[in-house]
2 protein chains.
Amino acid sequence: MSIEIPTQVVFYKIERAIKEYRKYAQKRISETVSDITVDQGLILLFLKHYPELSQKEIAALVFKDNASMTRMIDLMVKKQYLVRSTHSEDRRRYNIEITTKGKKILEKLPPVIMKNRTTALEGITEEEIDQVEKILDKIITNCTTNQ
Amino acid sequence: MSIEIPTQVVFYKIERAIKEYRKYAQKRISETVSDITVDQGLILLFLKHYPELSQKEIAALVFKDNASMTRMIDLMVKKQYLVRSTHSEDRRRYNIEITTKGKKILEKLPPVIMKNRTTALEGITEEEIDQVEKILDKIITNCTTNQ
DNA sequence: TGTATTTATTTGATATATCAAATATATTTG
DNA sequence: CAAATATATTTGATATATCAAATAAATACA
């Protein structure tokens, strides 16, 4: 059975696109904010919008494993972007709060992120983005329902 | 400055789509071939088509760092899927050959890979795939030229 | 030819990915 | 209520990601 080599397949291009975007975004972020990764920035953004999130919920939002999330948050606590405190209603989980240092980073992020998104999507119409999203949704559905 | 939260941005969906596909593909591959990852399979496929590839070239093809490639190939040599031998014309690099064990894996891969691709793309037309590729190309160009 | 520069690969350090097993607490059920 | 089950987080082991620096060989060039 003969198959196409990977370079000719759409998944190859999806992989490349997201990796190039991440590389580009990380570069721009590092120019403005020191010592923060794209994913750490995402975690801060999510926590700002939804302060009640548990580690597990954050992990799901950023597509990470719970074990990875433990370690990422460990690190962000060590870097003093976050603090953990015990949850009053459920002692298995934590409250995760953004520190002053974390908030300062959060102030610097939005303009960089906006610029990254705009630059990366230059020359692409709203309609095209909708098309892509619709098709990616189909892929997501196909991969998650045929488990 | 207020920005959209990540879930509402196309990059979030791209990331999710590729991760779900990888998870799905890995699951299917593991059912058929033991002890091989999607990326290791990709490396075997590329080497089969282009046996002269250097580590650096393979790394570029699968979007990895040279350092990662060294370690991945170390592992594949340890697992006896590949052997390294010195290159006659350039002693800095290696010839990388697929072993008999590696070839046996390569025989089992194509049907699984084809099935994965077909399943993941179910209900998506050729035309839609072309659209997605065209738009992803724009993103790739935007992120790589605006460095 | 000899030195400087470039190139392919490796190594070290640190972070993240993934799976399975362990802990501790909550919830369900007999 | 007690035992079984479920849930949130952690830990260990191993692989991969990323950057910078180190090695070793090839190439360019004075």
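Chain A is the first sequence line, chain B the second, and so forth, proteins listed ahead of strands; every chain is numbered from 1.
- With hydrogens and angles ignored, a donor-acceptor pair under 3.5 angstrom links the side chain of A/Arg92 to the base of D/dT7.
- Side-chain atoms of B/Arg91 stay outside donor-acceptor range of the base of D/dT27, with no qualifying N/O pair under 3.5 Å.
- A sub-4.0 Å separation between OP1 or OP2 of D/dT16 and a side-chain N or O of B/Ser68 is absent.
- B/Ser54 comes within 4.0 angstrom of sugar-phosphate atoms only, judged by non-hydrogen atoms across all strands, and of no base.
- The base of C/dT16 lies outside donor-acceptor range of the side chain of A/Arg22, with no N or O pair under 3.5 Å.
- In this structure, of D/dA17, C/dT9, C/dA17, it is D/dA17 that holds the atom nearest to the side chain of A/Lys19.
- Residue B/Tyr94 has its side chain nearest to C/dT9 when only C/dA26, C/dT18, C/dT9 are considered.
- Taking only side-chain nitrogens and oxygens, A/Lys64 never comes nearer than 4.0 Å to OP1 or OP2 of C/dT16.
- Heavy-atom distances to DNA chain D give each of A/Asp65 and A/Arg93 a nearest nucleotide, and the one nearer the 5′ end belongs to A/Arg93.
- Side-chain proximity of A/Asp90 to the nucleotides D/dT10, D/dA20, C/dA26 is greatest for C/dA26.
- Between A/Phe11 and B/Tyr21, the ring-plane angle classifies as parallel under the 30° and 60° cut-offs.
- B/Ile58 pairs in a side chain to side chain contact (heavy atoms under 4.5 Å, CB included) with only one of the listed residues (B/Met69, B/Met72, B/Lys64), which is B/Met69.
- One atom, CG of A/Asp39, and another, P of D/dA17, lie 14 Å apart when rounded to the nearest Å.
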